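Have a look at the structure below before the remarks.
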Amino acid sequence: MALIAVLAGDGIGPEVTAAAVRVLNTLGLGLTFEEAPVGGAAYAANGHPLPPATLDLARRADAILFGAVGDPRFDTVERRLRPEQAILGLRAELGLFANLRPARLMPGLEEASALRPEVARAIDLLIVRELNGDVYFGEKGMRTTPDGRREGYDVMRYAEDEVRRIAHVGFRAAMGRQQRLCSVDKANVLETSQLWRDVVIEVAAEYRQVELSHMYVDNAAMQLVRNPGQFDVILTGNLFGDILSDQASMCVGSIGMLPSASLDAAGKGLYEPIHGSAPDIAGQGKANPCAAILSAAMLLRHSLGEAAGADRIEAAVAAALAGGARTGDLGGALSTGAMADRIIEQL
Ligand code: NAD
């Protein structure tokens with residue numbers, strides 16, 4: 001029987017995660033769920049955003065269902081103890097280097113997209129984002145220069161093996177889709193990006209069926225709103241992927257719609273909506289649970305080999321939306337729980 005670690009976290013994290021667990025239970029797959037505190041909730045209770053018992057559960061579990069972390073009450077706490085460190089710690093400790101972020105316009109959501117309906121309708125892309133390197137994990141600090149100015153720095157770095165392994169994930173994903181991969185970098189200015197591009201070209205030789213293209217990140221940001229239908233798989237680094245996937249979310253209607261998977265080399269994964277803890281709507285039952293529910297579908301597909309269950313969840317979300325079910329972010333009035341009810345009815 002598969003064990004799922006449920007790390008709901010802060011803000012709307014517990015609200016949307018509870019909806020996802022209800023949906024998983026509806027499928028009757030006999031999953032076992034075990035909860036543990038993470039983020040600000042864990043810091044408040046245990047003095048650390050990622051307590052050892054939580055990390056231990058994450059290691060023991062077959063997969064992790066994650067909500068969101070972040071609590072403005074702790075924004076002044078020293079950085080290593082802030083809620084957001086929990087997710088960075090889990091990614092690093094568990095070797096979760098491959099982040100998959102699919103973005104597809106669900107029929108009926110054309111009006112919620114920031115783009116014109118005919119442009120938005122064509123969106124069906126997958127962002128493959130490297131998760132364990134780049135400026136997030138390079139040397140960082142604050143110092144005062146000899147002439148008294150404060151200076152902050154974060155070193156951007158990638159080693160070739162880090163680029164190679166994420167490139168393989170991207171090309172394999174493209175093989176299972178439309179066999180087109182666009183590698184996004186800033187090779188005109190950054191040495192890190194030049195290495196990235198060189199290694200991606202090397203790896204491409206092993207995937208001759210996949211059509212490879214390269215795009216500078218500033219152009220990619222523009223193309224993503226001009227003509228997003230041109231993309232199949234977008235392969236990119238940690239920082240660029242973070243920004244482009246939030247941008248993609250508004251193209252498909254709402255940040256409350258986009259799920260993600262973060263996988264290790266063996267396919268074990270952490271599954272979470274791409275949104276954060278949304279303190280502005282937390283505790284009000286307003287959060288859209290679709291991103292969390294679609295993350296649960298990715299969990300079934302990528303970590304438990306339950307592709308049929310994943311398909312059923314995705315179809316149920318699409319059917320509920322097609323039937324007019326909408327939370328506030330999509331222009332409707334359903335609560336988080338009522339939206340989950342409409343999806344469960346479809347199951
Ligand atoms: P956010 O994603 O939490 O919220 C951005 C905006 O989108 C807000 O207006 C919010 O109300 C709305 N929104 C987000 N999810 C929604 C949903 N499911 N339904 C409806 N509306 C939704 O980003 P933020 O405001 O920049 O950050 C808030 C906190 O979350 C910060 O502490 C940040 O560090 C943290 N954060 C955590 C993660 C994570 O846990 N992986 C990711 C991003 C941000």
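Numbering of ligands and ligand atoms starts at 1, following listing order. Nothing here was measured: the structure is a model prediction, and the numbers come from that model.
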Please check if any side-chain donor atom of Gln223 sits under 3.5 Å from a side-chain acceptor atom of Asn219, or the reverse. yes
Here the gap from Asp75 atom CG to Glu84 atom CD, rounded to the nearest 0.5 Å, amounts to 6.5 Å
Can a non-hydrogen atom of Pro279 be found less than 4.0 Å from any atom of ligand 1? yes
Looking only at protein heavy atoms, identify the closest one to atom 21 (N) of ligand 1 and say how far it is in Å. Ile281 CD1, 3.6 Å
Could you tell me which atoms of ligand 1, counted from 1 in the order shown, lie closer than 4.0 angstrom to a heavy atom of Ala68? 40 (O)
For Ala278, counting its heavy atoms only, list the atoms of ligand 1 lying under 4.0 Å from any of them. 3 (O), 10 (C), 11 (O), 14 (C)
Classify the contact between Asp75 and ligand 1 as side chain, backbone, both or neither, using a heavy-atom distance cut-off of under 4.0 Å. neither
State whether the number of non-hydrogen atoms from other residues, nucleotides or ligands found under 6.0 Å of Glu35 atom CD is greater than 12. no
Return a yes/no value for Asp280: is any of its N or O atoms, backbone included, closer than 3.5 angstrom to an N or O of ligand 1? yes
Please check whether Val69 reaches ligand 1 - meaning an N/O of the residue sits under 3.5 Å from an N/O of the ligand, judged on distance alone. yes
Among Ile255, Leu258, Ile87, which one has a heavy atom closest to atom 14 (C) of ligand 1? Ile255
Asp134 CG to Trp196 CH2 distance, which is reported to the nearest 0.5 Å: 8.0 Å
Looking only at distance, does Gly276 have an N or O less than 3.5 Å from an N or O of ligand 1? yes
If I apply the N/O under 3.5 Å rule, does Gly70 come out as touching ligand 1? no
Check: Gly40 main-chain N/O paired with Asp10 side-chain donor or acceptor under 3.5 Å: yes
State, without any angle test, whether Arg101 and Ser245 hold a side-chain donor-acceptor pair at a distance under 3.5 Å. yes
Testing the 3.5 Å rule here: is there a donor-acceptor pair between the side chains of Tyr271 and Ser303? yes
Intermediate values then yes/no, side chain to side chain contact (heavy atoms under 4.5 Å, CB included), Asn132 and Glu130: CA-CA 6 Å; Asn132 268 354; Glu130 201 287 333; 3.7 Å; yes
How far is atom 30 (O) of ligand 1 from its nearest protein heavy atom, and which residue and atom is that? Ser277 N, 3.1 Å
For atom 34 (O) of ligand 1, grab the closest protein heavy atom and report residue, atom and distance to one decimal in Å. Glu84 OE2, 2.6 Å
Does Thr54 form a side chain to side chain contact (heavy atoms under 4.5 Å, CB included) with Leu7? I'd like the steps, not just the answer. CA-CA 8 Å; Thr54 301; Leu7 311 184; 3.8 Å; yes
Which residue owns the protein heavy atom closest to atom 17 (C) of ligand 1, what's the atom, and how far is it? Asn288 N, 3.6 Å
Aromatic plane relationship, Tyr43 with Phe74 - under 30° parallel, 30 to 60° tilted, over 60° perpendicular: perpendicular
Any nitrogen or oxygen of Glu272, side chain or backbone, less than 3.5 Å from one on ligand 1? yes
Ligand 1 atoms in contact with Ala287 (distance to a heavy atom under 4.0 Å): 19 (N)
